[in-house]
Amino acid sequence: MGGGSLGQGIRGTPFSKLASLCAELEGTSGRREKVRLLGEFLRGLGDREAIPAISLLSGRALRGSGLRALGVGFRTIQRAMERAGRGQAALLGGSPTISEVFEALREAASASGEGSMGRRERLLAGLLGRMGPIERGYFVRMLLGETRIGVVEGMALEAIALAAGVDARAAKRAYALLGDLGEVARRALGAGAEGLWGIDITPFRPILPMLADVASDPASALAEHGGKSALEFKLDGARVQIHKRGDAIRIYSRRLSDVTDSLPDVVDLASSGICPEEAVLDGEVVAIGGDGRPLPFQTLMERFKRVHDVGRMIERIPLRLFLFDAIFVNGQSLIDRPYERRREILEECCSRDLLVERAIASGAAEVESFLKRAMEEGHEGIVAKSLHGPYSPGTRSRDWLKIKPSRTLDLAIVAAEWGHGRRSGWLSNYHLAARDPRTGGFSIVGKTFKGLTDEEFEEMTKRLLGDRISESGRVVKVKPSVVVEVAFDEVQRSPVYASGFALRFARIIRVRDDKDPSECDTLDRIEEIYEEQLKRKGRPNP
DNA sequence: GGAGAGGCATC
DNA sequence: CTCGGAA
DNA sequence: TTCCGAGGATGCCTCTCC
């Protein structure tokens with residue numbers, strides 16, 4: 001790959017070309033065609049502009065490539081738009097180049113301290129003022145981290161591979177090991193396939209964690225693994241990757257941010273409990289109550305990314321570390337070894353009290369009883385793992401299958417919101433309410449947009465509009481008349497809903513045409529479920 | 001010095 | 001995190 | 001199968017405003 005491309009001269013490629021590409025990608029449905037369009041565009045740009053372009057384009061990459069935490073959201077953009085509309089920014093010259101846009105965002109991201117919001121607003125306004133309406137539209141979507149043009153990690157990687165003339169598998173592997181699209185683009189274009197294949201796992205360079213897929217039930221999970229699975233408790237905490245070399249320990253979150261400073265107690269546990277000179281281990285951090293039972297996820301979150309008062313909170317909310325995989329030990333990557341072998345190595349690497357509870361099962365009854373035990377002890381469920389599977393960084397694999405029981409409630413829809421994107425024109429997000437026996441009215445316990453098919457959304461929209469009471473902004477209030485059966489994983493305490501409760505991971509299972517709103521579940525029932533959860537989990541200290 | 005808004009991370 | 005749609 | 005985009009609740013952080 002050469003340097004700049006032909007014909008753009010010293011100014012570089014205008015951002016408007018990138019916007020046109022977005023429009024083209026958005027209008028293209030074929031996957032291969034998208035990859036080709038983007039790949040050729042990147043190739044035409046050359047190294048220096050391709051990296052900013054890929055960072056801007058793929059929404060999420062913007063957060064991962066030197067632009068972590070831009071600090072700009074809907075509100076800030078709105079203000080910048082107003083400023084651009086008022087201002088004389090248009091005098092400042094024509095359409096900005098891709099590089100100019102990228103550099104301005106980099107500057108906006110690095111602004112901090114007093115006056116930084118104003119600085120960000122001015123930077124954005126300066127760019128917006130030089131853009132036409134189409135450019136502005138895509139630019140805003142890039143800022144929000146959601147370009148919605150059907151190109152995210154997967155296709156972006158294929159396009160990078162195409163532009164660099166390397167195997168897409170090399171790019172995908174590199175992404176899994178680096179966790180950063182911009183960095184993959186840089187290496188692919190700079191060093192080619194060798195540069196990508198040469199990337200290795202090494203302490204203090206976190207990799208994307210392997211993810212579990214969903215099992216429909218215990219028996220089918222077992223069947224998918226050939227009749228025999230390893231079972232592990234699925235802990236309700238936060239994923240962590242522990243890196244160690246000598247005395248040095250660093251802890252990375254699921255999205256690879258360094259959370260070491262928030263977790264000094266976990267660092268201590270790792271220091272004393274992990275023995276190899278070098279190690280990269282996978283696990284979960286959980287909050288633990290006085291009785292040794294896991295505390296609600298909400299309680300863990302009071303600790304997880306905290307940077308103030310960490311010392312004081314260590315005493316109030318102690319954490320424990322549970323490890324379940326070994327990724328790298330003493331110079332050796334273990335990701336291609338089978339699960340069974342990795343688990344053996346893990347057991348040699350750390351003390352017993354750091355190991356997640358595990359069993360081997362070859363019958364559905366064993367799976368059921370292990371699941372029952374996990375739930376009784378206050379955990380989220382279990383994960384069934386194929387004994388032979390490799391560790392596949394960054395991929396959701398059926399070698400790991402999560403099994404989480406859920407409950408259901410019958411709730412009334414009391415309001416709905418107009419959807420965006422492919423859901424525009426439909427009421428797609430429903431406010432769910434339980435009956436409040438004290439007032440005789442309905443009290444909201446959460447919202448959901450999940451579970452209906454396109455066809456059902458269409459029909460539900462019509463039904464709800466028939467019950468419409470009032471409308472303000474995107475929200476349409478309706479008379480409670482539709483009852484839906486809602487599945488959820490847990491009842492949480494809510495600081496925002498007047499009911500005091502919120503459902504975690506609520507999704508609609510079916511419409512209960514056979515039920516009247518007067519027959520739906522009550523707030524008392526929800527409180528009962530919450531109390532029941534707390535019997536299995538530890539109770540958070542006040 | 002505290003409250004509130006906005007943004008980002010976890011699930 | 002969950003779910004449905006599309007390739 | 002894999003990828004994408006529709007959007008959920010929550011808690012902490014930073015910055016601005018009063």
Side-chain angles (χ1 to χ4, degrees), chain A residues 28-35 58-60 63 68-79 111-120 144-158 172 211-214 235-240 253-257 259 262 284-285 296-310 313 380 395-398 402 404 406 417 419-424 426 428-432 445-457 486-497 501-509:
Chain A
T28 306
S29 61
R31 175 194 173 90
R32 302 192 72 82
E33 180 64 5
K34 284 187 154 171
V35 169
S58 63
R60 269 168 250 190
R63 287 197 249 281
R68 196 170 285 279
L70 183 57
V72 167
F74 179 75
R75 234 53 229 201
T76 311
I77 293 169
Q78 208 170 41
R79 278 196 288 264
S112 69
E114 204 180 316
S116 57
M117 280 314 291
R119 170 122 192 81
R120 285 194 190 113
L144 293 172
E146 289 170 343
T147 44
R148 299 170 205 252
I149 53 173
V151 175
V152 199
E153 281 91 342
M155 286 193 230
L157 283 164
E158 287 180 34
K172 292 192 173 174
L211 306 172
D213 215 321
V214 187
L235 309 174
D236 191 10
R239 190 83 177 266
V240 286
S253 70
R254 178 191 163 130
R255 280 160 73 171
L256 313 192
S257 64
V259 290
S262 303
E284 189 95 356
V285 160
F297 178 74
Q298 283 173 299
T299 309
L300 169 76
M301 291 316 285
E302 292 181 46
R303 280 286 320 270
F304 193 62
K305 297 203 76 187
R306 172 181 290 278
V307 297
H308 295 135
D309 299 323
V310 173
M313 294 297 280
E380 209 185 351
T395 58
R396 196 171 291 286
S397 164
R398 299 203 66 85
K402 52 183 152 190
K404 294 197 291 182
S406 56
E417 292 172 35
H420 298 83
R422 69 187 305 275
R423 301 250 182 113
S424 52
W426 293 336
S428 85
N429 192 10
Y430 308 119
H431 299 207
L432 307 167
V445 293
K447 303 189 231 175
T448 186
F449 57 94
K450 291 188 275 251
L452 298 192
T453 62
D454 287 5
E455 210 176 323
E456 291 168 322
F457 274 122
V486 175
F488 61 97
D489 284 18
E490 196 180 45
V491 174
Q492 296 174 288
R493 282 239 93 110
S494 173
V496 300
Y497 292 122
F501 295 106
L503 304 182
R504 177 140 83 138
F505 308 141
R507 61 265 188 194
I508 294 174
I509 297 296

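Model, not experiment: these values are computed from the prediction.
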Considering all heavy atoms of both residues, which atom of [X] and which atom of [Y] are nearest to each other, and what is their separation?
| X | Y | answer |
| --- | --- | --- |
| A/D489 | A/S406 | OD1-CB, 3.8 Å |
| A/V151 | A/K34 | CG2-CD, 4.5 Å |
| A/N429 | A/T448 | OD1-O, 3.0 Å |
| A/A502 | A/Y497 | CB-CD1, 4.1 Å |

Inspect the contact between [Y] and [X] and indicate whether a charged nitrogen and a carboxylate oxygen are less than 4.0 angstrom apart.
| X | Y | value |
| --- | --- | --- |
| A/D454 | A/R423 | no |
| A/K172 | A/E158 | yes |
| A/K404 | A/D236 | no |

How would you label the contact of [X] with the nucleic acid (heavy atoms, under 4.0 Å): base, sugar-phosphate, or nothing?
| X | result |
| --- | --- |
| A/L432 | nothing |
| A/S116 | sugar-phosphate |
| A/A506 | nothing |

Within the sub-3.5 Å range, which N or O atoms of nucleotides 1-4 of chain B have a protein N or O partner, and how far apart are they?
none

Notebook entry, point to check: Taking for each residue the nucleotide of DNA chain D with the nearest heavy atom, is it A/E417 or A/K172 whose nucleotide lies nearer the 5' end?
Noted result: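 Nearer the 5' end of the strand: A/K172.
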Roughly how far apart, to the nearest Å, are [N] and [M] at atom [atom1]?
| N | M | atom1 | result |
| --- | --- | --- | --- |
| C/dG5 | B/dG4 | C1' | 40 Å |
| D/dG7 | B/dC11 | C1' | 14 Å |
| B/dC8 | C/dC1 | C1' | 16 Å |

Nearest whole Å is fine: how far is [N] [atom2] from [X] [atom1]?
| X | N | atom1 | atom2 | result |
| --- | --- | --- | --- | --- |
| A/F297 | D/dC12 | CZ | C1' | 13 Å |
| A/R119 | D/dT14 | CZ | C1' | 18 Å |
| A/D309 | D/dG11 | CG | P | 17 Å |
| A/L70 | D/dT14 | CG | P | 17 Å |
| A/L157 | D/dC3 | CG | P | 9 Å |
| A/L235 | B/dC11 | CG | C1' | 14 Å |
| A/L144 | D/dG5 | CG | C1' | 14 Å |
| A/D213 | D/dC3 | CG | P | 11 Å |

From the list [options], which nucleotide is the closest neighbour of the side chain of [X]?
| X | options | value |
| --- | --- | --- |
| A/M301 | D/dG8, D/dG11, B/dC11 | D/dG11 |
| A/A238 | B/dC11, D/dG8, D/dT1 | B/dC11 |
| A/M155 | D/dC4, D/dA9, B/dG7 | D/dC4 |
| A/S257 | B/dA9, D/dG7, B/dG7 | B/dA9 |
| A/Q492 | D/dT14, D/dA9, B/dC11 | D/dA9 |
| A/S428 | D/dA9, D/dG7, D/dC13 | D/dG7 |

Check: Is the backbone N or O of A/A111 less than 3.5 Å from a side-chain atom of A/S116, with the two atoms forming a donor-acceptor pair by type?
Finding: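 No; zero donor-acceptor contacts below 3.5 Å.
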Under 4.0 Å from OP1 or OP2 of [N]: is there any side-chain N or O of [X] that close?
| X | N | result |
| --- | --- | --- |
| A/H308 | D/dC13 | yes |
| A/T76 | B/dG7 | yes |
| A/H420 | D/dG7 | yes |

Next item on the list: Verify side chain to side chain contact (heavy atoms under 4.5 Å, CB included) between A/L235 and A/F297, making sure each step is shown before the conclusion.
Entry: CA-CA 10 Å; A/L235 309 174; A/F297 178 74; over 6 Å; no
Next item on the list: Assign a letter to each nucleotide of nucleotides 1-7 of chain C from its 5' end: B, base within under 4.0 Å of a protein heavy atom; S, sugar-phosphate only; -, no contact.
Entry: SBSSS-S
Check: Is it the case that A/E456 and A/T453 place a side-chain donor and acceptor less than 3.5 Å from each other?
Finding: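 Yes - a donor-acceptor pair under 3.5 Å links their side chains.
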Margin query: I'd like to know whether CZ of A/R32 has more than 12 heavy-atom contacts from other residues, nucleotides or ligands below 6.0 angstrom.
Written below: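 No, the 6.0 Å shell around CZ holds no more than 12 heavy atoms from other groups.
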